[in-house]
Amino acid sequence: QVQLVESGGGLVQAGGSLRLSCAASERSISTYGMGWFRQAPGKERVIVAAISRSGGTTYYTDSVKGRFTISRDNAKNTVYLQMNSLKPDDTAVYYCAANVRGYWSLSMADFGRWGQGTQVTVSS
């Protein structure tokens, strides 16, 4: 089973940037679609971005389009989330997850492997 570890979170001022990384071990991520989710205090966990196994297909939730970029480097077994023009509403714990179903999906139920999460806090 793939193990996922996120890093790169922190405190940043509004308008700033962060790059999250999700490093995988135990198994190659090349066979998994990957996603980034976030959970703000008192709210449900929601998908932010997703990328297909090859990287040829991506998805972004409307609120981050044009500001966030998901990418992957299968040789390094790592997935990234570049976050620019950050807003206070982006404050959340960000989770990396692997889609274990073998088909493209944005449903959280299809992401069977999760990292521990990394906190992103955007101050106004």
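The shown structure was predicted, so the numbers you read here are calculated from the model rather than taken from an experiment.
- Rounded to the nearest 0.5 angstrom, R72 CZ and S30 OG are separated by 7.5 Å.
- For S17 against S85, the heavy-atom pair with the smallest separation is OG-N, 4.3 Å.
- Here the closest heavy-atom approach between residue A97 and residue F37 is recorded as CB-CE1, 4.0 Å.
- More than 12 heavy atoms of other residues, nucleotides or ligands sit less than 6.0 Å from atom CD of Q116.
- Rounding to the nearest 0.5 Å places OG1 of T58 at 10.0 Å from NZ of K65.
- Scanning both residues, S105 and S107, for their nearest heavy atoms gives OG-N, 3.1 Å.
- When every heavy atom of A50 is checked against every heavy atom of L106, the shortest pair comes out as CB-CD2, 3.7 Å.
- Looking only at side-chain heavy atoms (C-beta outward), R45 and W114 come within less than 4.5 Å of each other.
- Interatomic distance, OH of Y32 versus CZ of R101, reported as 12.0 Å (0.5 Å rounding).
- A chain of hydrophobic side-chain contacts below 4.5 Å, direct or via other Ile, Leu, Val, Met, Phe, Trp or Tyr residues, connects I47 to W104.
- How far CD1 of I51 is from CG of N99: 13.0 Å, rounded to the nearest 0.5 Å.
- Residues Q3 and R113 form a side-chain contact, since some pair of their non-hydrogen atoms from C-beta on lies under 4.5 Å apart.
- Under the 6.0 Å cut-off for aromatic ring centres, F111 and Y95 do not qualify, their centroids lying 6.0 Å or more apart.
- Between Q39 and E44, the shortest heavy-atom contact is CG-C, 4.0 Å.
- For the atom pair CD of Q82 and CG of L18, the computed distance is 8.5 Å after rounding to the nearest 0.5 Å.
- At a threshold of 4.5 Å between non-hydrogen side-chain atoms, the residues R67 and Y60 do not count as touching.
- In the hydrophobic clustering of ILVMFWY residues, with side-chain heavy atoms under 4.5 Å counting as a link, V2 and I70 come out together.
- In the hydrophobic cluster analysis, where Ile, Leu, Val, Met, Phe, Trp and Tyr join through side-chain heavy atoms closer than 4.5 angstrom, V93 is grouped apart from L81.
- With salt bridges taken as basic N to acidic carboxylate O contacts below 4.0 Å, none links K87 and D90.
- Nearest heavy atom pair, residue S21 against residue T78, reads CB-CG2, 4.3 Å.
- Looking at heavy atoms from C-beta onward, S28 lies in side-chain contact with N77 at the 4.5 angstrom threshold.
- In this structure, the side chains of F68 and L86 come closer than 4.5 Å at one or more pairs of heavy atoms.
- Between R38 and T91, every side-chain heavy-atom pair lies at or beyond the 4.5 Å cut-off.
- Between Y94 and E6, the closest side-chain pair of non-hydrogen atoms is not below 4.5 Å.
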Exercise. Checking side chain to side chain contact (heavy atoms under 4.5 Å, CB included) for the pair L20/T118: CA distance, chi angles, key distance, verdict?
Worked result: CA-CA 8 Å; L20 306 183; T118 186; 4.0 Å; yes
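- In this structure, the side chains of M34 and L4 come closer than 4.5 Å at one or more pairs of heavy atoms.
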